[in-house]
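In what follows, every chain begins at residue 1, and chains take the letters A, B, ... in the order their sequences are listed.
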2 protein chains.
Amino acid sequence: MKPGHIFPTEDCRAVSEVLSRVGDKWTVLVVQYLGSGPMRFSELKRSIGGISQKMLTTTLRGLERDGFVTRTVFPTIPPRVDYELTQLGQELLTPVRALGDWARNNIIRIREARERFDVTSV
Amino acid sequence: MKPGHIFPTEDCRAVSEVLSRVGDKWTVLVVQYLGSGPMRFSELKRSIGGISQKMLTTTLRGLERDGFVTRTVFPTIPPRVDYELTQLGQELLTPVRALGDWARNNIIRIREARERFDVTSV
DNA sequence: CGGGATCCTTGAAGATACTG
DNA sequence: CAGTATCTTCAAGGATCCCG
């Protein structure tokens, strides 16, 4: 891969597509929670905390569409729906966790840089 | 790290902070381009293509604030400004590239899943 | 050339209410 | 319980003009 010509437009779109899913507000959180096993809707909602049911639904639909999670409906009363990572979803977890680890390890440096910047530019 | 209790709220915020920067529309692209060496404003703009100067400015300011790039002004006429990755920026490149590689390697599986989903749910 | 300032459009996200 | 439907808000992003 020669410098100055990273990835033209084909791979570029691919990265953008994945990134626009991964980069949204809740996806990573949901994937991380599902990383430890299947969970039902309300369980996810309670675990995540600040999320509205609409956003959780939307996020899960997106993940399902992209093949990252499966949705299993139990036709009981009251209804019950389980969400579980697919193989693809599990594999996604690897680079996502790498980024998450990096974030945790470097957040202090970022915050310091931010403080410096904000002070200087006043 | 015990399952069901991934990362409470402290690390969670850290990840969110980094992710909200990494996850925005242009940041990753800019970082990737700067990965092959310093570039000036107009050079970045031309390379990236679809970006407006406002968004490039905004993105670069954000990256500068977080300590990922440095901004060097040459007081010439016409003015010239170079942007370059800092050490922190270079380190960020590692997990970002991992995610980018994963995206390129799996985009087909995602697109297939998407087609299946869209067909089925009609 | 490298922006700053402004206006405008859109879509993401939240709140609320209702349903099988 | 697990959604769907609707309305509203708000900020990201784009277009345009101007300036040192």
What integer distance in Å separates B:L56:CG from C:dC1:P? 14 Å
Rounded to the nearest angstrom, tell me the gap between atom NZ in B:K45 and atom P in C:dG3. 13 Å
Measure CZ/B:F74 against C1'/C:dC1 and give the value in whole Å, please. 13 Å
State which residues pass salt bridge (Lys or Arg N to Asp or Glu O under 4.0 Å) with B:R109; sequence neighbours excluded, sorted by chain then number. A:E91
Residues A:R111, B:E17: salt bridge by 4.0 Å N-O rule: yes
Please encode protein proximity along nucleotides 9-15 of chain D as a string of B, S and -, counting only heavy-atom distances under 4.0 Å. ----BBB
Heavy atoms under 4.0 Å, any strand shown: does A:Y83 hit a base, just sugar-phosphate, or nothing? sugar-phosphate
Can you establish whether the number of heavy atoms outside B:E43 located under 6.0 Å from its atom CD is more than 12? yes
SB check A:D82 A:R80 (cutoff 4.0 Å): yes
To the nearest angstrom, how far is A:D82 atom CG from D:dG3 atom P? 11 Å
Whole-Å distance, B:I77 CD1 to C:dC1 P, equals 14 Å
Write down the distance between CZ (A:R80) and C1' (D:dC1), rounded to a whole number of angstrom. 11 Å
I want to check something: taking the side chain as every heavy atom from C-beta on, are A:R61 and A:R71 in contact at a cut-off of under 4.5 Å? yes
Looking at A:R40, does any N or O in its side chain come under 4.0 Å of the phosphate oxygens OP1/OP2 on D:dA2? yes
Taking the side chain as C-beta and beyond, is there a heavy-atom pair between A:V31 and A:L34 under 4.5 Å? no
Do the side chain of A:T86 and the main chain of A:G67 share a donor and acceptor less than 3.5 angstrom apart? yes
Between C1' on D:dC1 and CZ on A:R71, what's the gap in Å once rounded to a whole number? 12 Å
Out of C:dG20, C:dC1, D:dG3, which has the shortest distance to the side chain of A:P79? C:dG20
D:dG3 OP1/OP2 closer than 4.0 Å to side-chain N/O of A:T57: no
Side-chain contact check for A:F41: nearest option of D:dA2, C:dG2, D:dT4 is D:dA2
